[in-house]
Student: 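Please see the structure below; I have some questions.
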Amino acid sequence: MGLEFFTAQKRGSAQLPSTTTPKTAARSVAAGRTRNRSVLKTFNNIKITILCGFVTILVLRGTIGLGNYSTETEDQTLAEEINRILAEIRSDHDPNDPNDQFDQQHDLSLNETYSLGPKIESWDEDRKIWLDRNPDFPNYVNGKPRILLVTGSPPGPCDNPIGDHYLLKAVKNKIDYCRLHGIEIVYNMAHLDMELAGYWAKLPLIRKLMLAHPEVEWIWWMDSDALFTDMVFEIPYGKYNEYNMVIHGYPDLLYNQKSWIALNTGSFLFRNCQWSLDLLDVWAPMGPKGPIRDEAGKILTANLKGRPAFEADDQSALIYLLISQKDTWMNKVFVENSYYLHGYWAGLVDQYEEMNEKYHPGLGDERWPFVTHFVGCKPCGSYGDYPVERCLKSMERAFNFADNQVIKLYGFRHRGLLSPKIKRIRNETVTPLEYVDQYDFRHSVQGEVGSNS
Amino acid sequence: MVLERCFGQRRSRQFHRILRNGKLTLLCLVLTVVVLRGNLGAGKFGTPEQDLMEIRETFSHYRKRAEPRRVLEEVSAEEEKVSNNYAEFDINKLFVDEESEEKKDPNLEYSLGPKISDWDEQRGEWLKKNPNFPNFVQPNKPRVLLVTGSAPKPCENPVGDHYLLKAIKNKVDYCRLHGIEVFYNMALLDAEMAGFWAKLPLIRKLLLSHPEVEFLWWMDSDAMFTDMVFEIPWKRYEDRNLVMHGWNEMVYDEKNWIGLNTGSFLLRNCQWSLDMLDAWAPMGPKGKIRDEAGKILTRELKGRPVFEADDQSAMVYLLVSQRDKWAEKVYLENHYYLHGYWGILVDHYEEYIKNYHPGFGDHRWPLVTHFVGCKPCGKFGDYPVERCLKQMDRAFNFGDNQILQMYGFTHKSLASRRVKRTRNETSTPLEDKDDLGLLHPAFKAVKVSSA
C-alpha cells in the first residue's frame, strides 16, 4: 500500500519537468514512468525477498540450531556429570571421615628406621608344625608346590580409561594361565602401608601373604603390566629345590657391570621361608617415601650403572643389596635366563607371527616367550616412556597372541592379532570330547596328590 | 500489463493488490509452519534436526562409499604423529579385523550346534577314563566353573572398565576362597547371539569342552559377591539341573517377567542342560526374530515393557509354556540371594554390619548384590550415574572388608578406598585367627589320598 503511494508520488513528480514535445514527451515520460515503476517494483521485490530470506534463515537456524544444541547439551551434561563423579572418585575424598584431611602420615626422617613388622625368627619351624597339624592344606598338591600368584593395581581409576581397560585384559590373561596351571591369584587393590607406596607396595603385601598362608610354598609376584604369552609352559619347580628366590636376569650384568637392569622384579618367585622374611627385612629400608627414598635413590644412582636419577625403586635396591651382600644371599638366589620369566616387550612383540609359523607354545624362551612385560608403557598413568600407539598395539597383540592359545580348545582364533573379534577354526561336532583330549594340555600334566615338604 | 488490457486499469490494480496480499499471506503462512515445525515437531513430516541428520548422512554416505581406501591410508599416515600421552589417543583406531565376517545362510534355522543326544554317556565314559579330573572335588562339593565376561572393546563410559576390574577382583576373591575356577570371557562366539544372548553359545561351548565341570555358574559382570563366607548348599540341588533366583508363584502363576533372574544361575553339565539351551535359544538371533519374539513376550508376560527379546523373559516364557517338560528339574531359589537386586540392599549395609555377620547369604547378609540397570560400561543406564557408581563402590568395599579382615585390615568406611589396620602385626602370625575363618576354610580343604 505504501509502495503504491510512493510510486504514485513518483509518477506525480515525473510529470512536472517536460521540455520535449507533448506527444513524444508523453510517450517518453510514459516509458520513463514504466521503467521507473518496474525498477521500483523490482527494487521493492528484492527488498521483500531479502527481508523474508533473512527472517527464514534466522528462524531455521534458530530451530535447527536449537535442536542440535539440546541433544548436544544432553550429551554434554552427561559427560560433565561423569567427569565430575570421576574427579570425585579419583580424589578419594570421604565426607564421612573426620580425619580425612589430617590423615597424611608424616614421612620418616633419615634417622628413623622402618620395619615391616615384628621380627620373626623361627618361621621355618612354625610353618612345619602348622603343616603337620593341617594335612588338609598341604604345601604340595598333585606333586606340584602350591603357588600363589600376587598382582595388583592402585585402588582408584587410572588417569585415563585405556589404562583400566588394559588392566582388565591383563587380569583376564593371568586368570586364564592360572586356571590352566592350578595356581591361585590374589589381586591386591589396597595400600597396606602408606609408607611403602608405589612399586614398594609389594613388600608388605608379600610378607603379609606369606605369614597368613603357610600352605603356600612359593609366592609369585607379577606386575600388572606383564602378560603371559605362553599358556602351556610350566615353571620347572624341581630346578629350584635348593633356592629360595628365582628372578630373571643376567649374572654378567649383575656382578661385572653392576647394571641397574641386571635383574627384573616385575616377575619373580619367592619361597615361603625364614630366609625370605630376612631378605624382605633387609630390602625394605630404602623404601619409605620421603627423604629416605630420595637419599637412597642418590646412592643407587651413584653405585649402579646406567641408572637415571630418581627416587629409590625396589629393583635397584635389590640389585644393590645382592651385590653388596653377595655372600649372604646369592647362594639361594637363582638368576634365571633360560626362559622369559620376565620378557622385555620391545624385542618380542614384532615376532609373534614368526613364532606362530615356526614354533609352538611350551618353550617359554625366545622362541615362544613365557611372559611379555610391558616395562615403561605405564598405561595406567598419563604418560609412558614410549609412544602410546606402539605400546597399546603391542599390548593388544600380546593379549590376543595369548588368548589364541586359550580359545584354541574351543575351536576359535582371533581375526588377526589386533582384532577383538574371533573366527571359527573347528566346526561343532557331536563328539566334542575327542578334541578335549587333544587340545586341553592339562590332561598331559598329571601327578598324584601328596605331601612333599 | 496483460491484465490491464483484459480488465482495465483499476481492475488490474486490484488484482495486483490481491496478488501481493496473497503472496504476503502465503509467505507468513510458510514462516509460521516452519517455526511451529521447528519448535513442536511435525511427527511424520520430521523436524529440522532430522532434516539436518538426513542431509549429513547422505553426504557422509557418499563420502564413505567413494573413499574407503583413503581412510586406511589416513590411518597409516597418522602413525607418524607419535605421542606419549595416553589422553590424546583414540583407542578405537587400534583394532583391525584382518578377516571378514562369515556369511551365514539366512534361510537356515538358527541352532547352537549339531544336536547331541548322548552327552551323559559320553561324559560318564570320559570321567571314568580321567580319574584325575573328578567332577566332585569333595564328597558333597561339585567342581564348579564360574563364568562371566564383558565386551572386548573399551567401555564407552570412561569409568566402566574400572568397575569391571573391581567386579572381577571381587569374583576372583570369592572363588579363591571357595575353590571355584573362573572363566572371564571376552569373545563373541556367535555374532547372531550378541548382547545378553551371548551367554548361551558360550555356556554350551564350555559345558562340552569341560566335562570335568559339574556345575557352570553364570554371573553377570555387574553382579558382586557381598557375602564371602556363604557356601552354596550343593546338596539341596542334587536332583536339579538349573538353579535360579526367583519365585514359583511369580513365574508360573503371575507370568511376571522378573519372576526369576538370569544374571546369576547354576546349570548342571548334562544332557538335560543341552536340551534346555536348545529350547531357550530360538528367540535370540538378532534382527527380525528377536524383535518379533520381543512382541510375543511383552504380550504374554506381566509387566514387560516393549523391547526386543531378552534371555530372561524368554526363560520365563519357556518355563511357563513347557512347564511339564522342564519345571521338575528347575529350582527357583529364594532362601538366599543368589541374585540380589541392588536397589533394596545397598542402603542397609551398615545395618547388616551392626546386626548380623557374613555367612547368611540372605536378607540379613546378601550373597550377591546385582546392579541391574546400572550399565556402567555403557553411556546410559536406567538409574542416575552417581547413585549407581557410589553404591557399587560401597558394595565392593562391603565384600572386600571380608577379604581384608583375613589380613588384619578393613576399609576406613564403605565409601573409602583407603584401608586401616584392625590387628597389629605380631611375631606369632600363625596364632592369629581371622574372625570369619576364611584363611583356611573347610570348603577349601584338599582331600589327601594315602600315597
Side-chain angles (χ1 to χ4, degrees), chain A residues 52 59 63-64 67 81 85-86 92 94 96-97 117-118 120 126 130 135-138 141 155-157 160-162 164-165 167-168 171-172 175 179 184-185 187 190 208 211-212 382-384 387-388 392-393 396 409-410 415-416 418-423 428 430 432-433 436 446 448-450, chain B residues 27 34-35 38 48-49 52 82-87 89 91 94-99 113-114 116 122 126 132 152-154 158-159 161-162 164-165 168-169 172 176 181-182 184 186-187 205 208-209 385-386 389 407 412-413 415-417 419 425-427 429-430 439-440 445-446 448-449 451:
Chain A
C52 295
V59 169
T63 50
I64 293 182
E81 170 87 0
I85 297 171
L86 200 60
D92 194 24
D94 184 4
N96 295 327
D97 185 1
I120 297 179
D126 295 339
W130 189 95
D136 286 347
F137 292 89
V141 180
N160 72 84
I162 298 180
D164 282 308
H165 182 69
L167 283 175
L168 183 68
V171 82
K172 170 193 157 61
I175 290 173
R179 184 183 63 250
E184 292 187 340
I185 303 181
Y187 194 93
K208 185 100 247 193
L211 297 177
S382 308
Y383 289 89
V388 165
L392 295 183
K393 275 206 166 131
E396 187 68 23
L409 169 61
Y410 309 118
R415 292 176 203 246
L418 276 176
S419 171
K421 298 195 187 155
I422 59 175
K423 69 177 265 187
E428 298 284 336
V430 292
L433 292 173
V436 166
Q446 290 179 19
E448 287 107 39
V449 177
Chain B
L27 202 68
V34 165
V35 169
E49 300 97 274
L52 199 65
V82 276
S83 161
N84 286 25
N85 186 347
Y86 282 97
F89 189 77
I91 187 78
L94 195 71
F95 303 115
V96 174
D97 298 332
E98 277 173 27
E99 291 147 54
I116 299 180
Q122 281 191 47
W126 188 93
N132 279 327
K153 289 201 176 167
V159 270
D161 282 299
H162 179 67
L164 286 175
L165 183 68
I168 186 60
K169 168 191 155 60
V172 162
R176 183 179 68 253
E181 293 186 338
V182 176
Y184 195 93
M186 269 176 139
K205 181 51 88 171
L208 297 179
S209 309
V385 172
E386 184 156 8
L389 297 185
Y407 306 115
K412 287 207 164 127
S413 78
S416 171
R417 288 200 289 269
V419 300
E425 298 286 335
T426 75
S427 52
L430 290 173
L439 277 175
H440 303 100
V446 170
V448 180
S449 61

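The sequence lines fix the lettering, A, B, ..., with proteins before strands; numbering per chain opens at 1.
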Student: Can you give me the closest heavy-atom contact between A:Ser419 and B:Asp97, atom names plus distance?
Tutor: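 It is OG-OD1, 2.5 Å.
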Student: Could you tell me which of B:Glu425, B:Glu98, B:Glu386, B:His162 has the largest number of non-hydrogen atom pairs under 4.5 Å with chain A?
Tutor: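 Result: the option with the highest number of such pairs is B:His162.
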Student: With a 4.5 angstrom heavy-atom cut-off, which part of B:Leu27 approaches chain A: side chain, backbone, both or neither?
Tutor: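 Looking at B:Leu27, just its side chain touches chain A.
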Student: Work out which heavy atom in A:Asp164 is nearest to a heavy atom in B:Asp161; give both atom names and the distance.
Tutor: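 Answer, listing the atom of A:Asp164 first, then B:Asp161: CB-CB, 3.6 Å.
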Student: Below 4.5 Å from any heavy atom of chain A, which atoms of B:Leu164 appear? Answer side chain, backbone, both or neither.
Tutor: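 B:Leu164 touches chain A through backbone and side-chain heavy atoms alike.
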Student: Among B:Pro429, B:Pro114, B:Ala187, B:Ala87, which residue has the highest count of heavy-atom pairs closer than 4.5 Å to chain A?
Tutor: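 Maximum pair count with chain A is reached by B:Pro114.
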Student: Distance from A:Ile175 atom CD1 to B:Tyr184 atom OH, nearest 0.5 Å?
Tutor: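 Those atoms lie 8.5 Å apart.
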Student: Using non-hydrogen atoms and a 4.5 Å limit, figure out which bit of B:Thr426 sits close to chain A: side chain, backbone, both or neither.
Tutor: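 Just its backbone gets close to chain A.
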Student: When rounded to the nearest 0.5 angstrom, what distance separates OH in B:Tyr407 from CG in B:Leu439?
Tutor: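 Reported to 0.5 Å precision, the distance equals 6.0 Å.
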Student: Who among B:Leu94, B:Asn84, B:Ile168 has the most heavy-atom pairs with chain A under 4.5 Å?
Tutor: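 Of B:Leu94, B:Asn84, B:Ile168, B:Asn84 has the most heavy-atom pairs under 4.5 Å with chain A.
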Student: Under 4.5 Å from any heavy atom of chain A, what part of B:Leu389 do you find: side chain, backbone, both or neither?
Tutor: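 B:Leu389 touches chain A through side-chain heavy atoms alone.
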Student: Below 4.5 Å, heavy-atom pairs only: which of A:Gly384, A:Cys52, A:Gly416 has the largest tally toward chain B?
Tutor: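 Looking at each option in turn, the highest pair count goes to A:Gly384.
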Student: Please flag which part of A:Leu168 lies under 4.5 Å from any non-hydrogen atom of chain B: side chain, backbone, both or neither.
Tutor: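 A:Leu168 touches chain B through backbone and side-chain heavy atoms alike.
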Student: Given side chains that start at C-beta, do those of B:Pro152 and A:Ile422 come closer than 4.5 Å, heavy atoms only?
Tutor: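 With C-beta onward as the side chain, the pair stays apart.
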Student: Heavy-atom pairs under 4.5 Å with chain B - which of A:Asp126, A:Leu409, A:Ile185 has more of them than the others?
Tutor: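 Sorted descending by pairs with chain B, the first entry is A:Ile185.
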Student: So which residue, A:Ala190, A:Ala212, A:Pro155, ends up with the most heavy-atom pairs under 4.5 Å with chain B?
Tutor: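 Top option by heavy-atom pairs under 4.5 Å: A:Pro155.
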Student: Give me the atom names and distance for the closest heavy-atom approach of A:Ile162 to B:Tyr86.
Tutor: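 Distance-wise, the nearest heavy atoms are CD1-O, 4.0 Å.
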Student: Can you find a heavy atom in the side chain of B:Val159 that is under 4.5 Å from one in the side chain of B:Val385?
Tutor: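 Result no, sub-4.5 Å side-chain heavy-atom pair not found.
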Student: If you count heavy-atom pairs under 4.5 Å with chain A, which of B:Glu181, B:Arg176, B:Lys169 comes out on top?
Tutor: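 The candidate making the most pairs under 4.5 Å is B:Arg176.
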Student: Less than 4.5 Å apart, side chain to side chain, heavy atoms only: is that true for B:Phe95 and A:Leu418?
Tutor: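 Heavy-atom side-chain distance check fails, nothing below 4.5 Å.
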Student: Indicate the ring-plane relationship of B:His440 and A:Trp130, choosing parallel, tilted or perpendicular according to the 30° and 60° boundaries.
Tutor: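 Because their plane-to-plane angle lies in the 30° to 60° range, the rings of B:His440 and A:Trp130 count as tilted.
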Student: Which bit of A:Asn160 comes within less than 4.5 Å of chain B, counting heavy atoms only: side chain, backbone, both or neither?
Tutor: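 Answer is side chain: those atoms of A:Asn160 sit under 4.5 Å from chain B.
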